[in-house]
Amino acid sequence: MGESANKAIMFGVGIFVTIMIISGIMFIFSQMQEIYKQVGSTDTTITSRFGKYAPFDNTEVTGLDIINCANKYLKENLVVIMYNNIEVNTESGITYLDEQYNNGNLKYEDLYKSIVEEVEYDGLMKTRITFTKK
């Protein structure tokens, strides 16, 4: 009876250890799955964030495109639109663009080079789109 009780205890301990190992492995896989979901959503966010500025990355645009871009991102916190070294996606910036248009310095059909870059601006990482006359 003593030997069979020993075998039963060893069998029970073996099953318990096996269940603990399997539970640990399943826990680790579930944690890794959560991490991969977060990484995947971050990658998607980064890709879509940069993708929406692709039309302005190292391209030629018209004066009308500058005005439309400034209006589109008006008061956007994480986007800075620069024209003649002035931030134009603000109320005063839109007024500046209107003045430039009225003075003949900014024409709808003129071509401008645009550059998109990530910069630290006011303590935050922001997307800056800079337009310069060709």
Quick one: do E87 and M82 satisfy side-chain contact (heavy atoms from CB on, under 4.5 Å)? Show the steps, please.
CA-CA 5 Å; E87 185 177 348; M82 301 294 290; 4.0 Å; yes
Distance check, rounded to the nearest 0.5 Å: [X] atom [atom1] versus [Y] atom [atom2]?
X	Y	atom1	atom2	answer
L74	C69	CG	SG	11.0 Å
I66	K107	CD1	NZ	13.5 Å
M26	Q33	CE	CD	11.0 Å
Y83	Y112	OH	OH	4.0 Å
N68	Y108	CG	OH	8.5 Å
N105	D110	CG	CG	10.0 Å

Check step by step if side-chain hydrogen bond (donor to acceptor under 3.5 Å, both in side chains) holds for Y96 and N84.
CA-CA 10 Å; Y96 172 77; N84 285 346; 3.3 Å; yes
Taking it one step at a time, do E3 and N6 satisfy side-chain contact (heavy atoms from CB on, under 4.5 Å)?
CA-CA 5 Å; E3 190 174 317; N6 250 356; 5.5 Å; no
Least distance between heavy atoms, [X] atom then [Y] atom:
X	Y	result
L97	A70	CD1-CB, 3.6 Å
N89	Y73	ND2-O, 3.0 Å
M125	L78	O-CD2, 4.0 Å

Has the side chain of S114 got a donor or acceptor atom that lies under 3.5 Å from a matching backbone atom of T59?
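It does hold such a pair.
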Just by distance, do the side chain of N71 and the backbone of I67 share a donor-acceptor pair under 3.5 Å?
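Here the side-chain-to-backbone pair exists.
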Please step through side-chain hydrogen bond (donor to acceptor under 3.5 Å, both in side chains) for the pair E109 and T62, ending with a clear verdict.
CA-CA 6 Å; E109 65 276 359; T62 63; over 6 Å; no
Transitive ILVMFWY side-chain link [X] to [Y], under 4.5 Å:
X	Y	result
I28	M20	no
I19	F27	no
L111	V61	no
I115	V119	no

Determine, for K126 against E120, whether the closest basic-nitrogen to carboxylate-oxygen distance falls under 4.0 angstrom.
no
Stepwise, does the side-chain contact (heavy atoms from CB on, under 4.5 Å) test hold for R128 with E118?
CA-CA 6 Å; R128 180 174 65 196; E118 290 293 310; over 6 Å; no
Hey, mind stepping through I94 and V88 against side-chain contact (heavy atoms from CB on, under 4.5 Å) and telling me if it holds?
CA-CA 6 Å; I94 296 294; V88 293; 5.8 Å; no
Exceeds 12 heavy-atom contacts within 6.0 angstrom, atom NZ of K72:
no
Only one of T127, N58, T130, V79 passes side-chain contact (heavy atoms from CB on, under 4.5 Å) with V116; say which it is.
T127
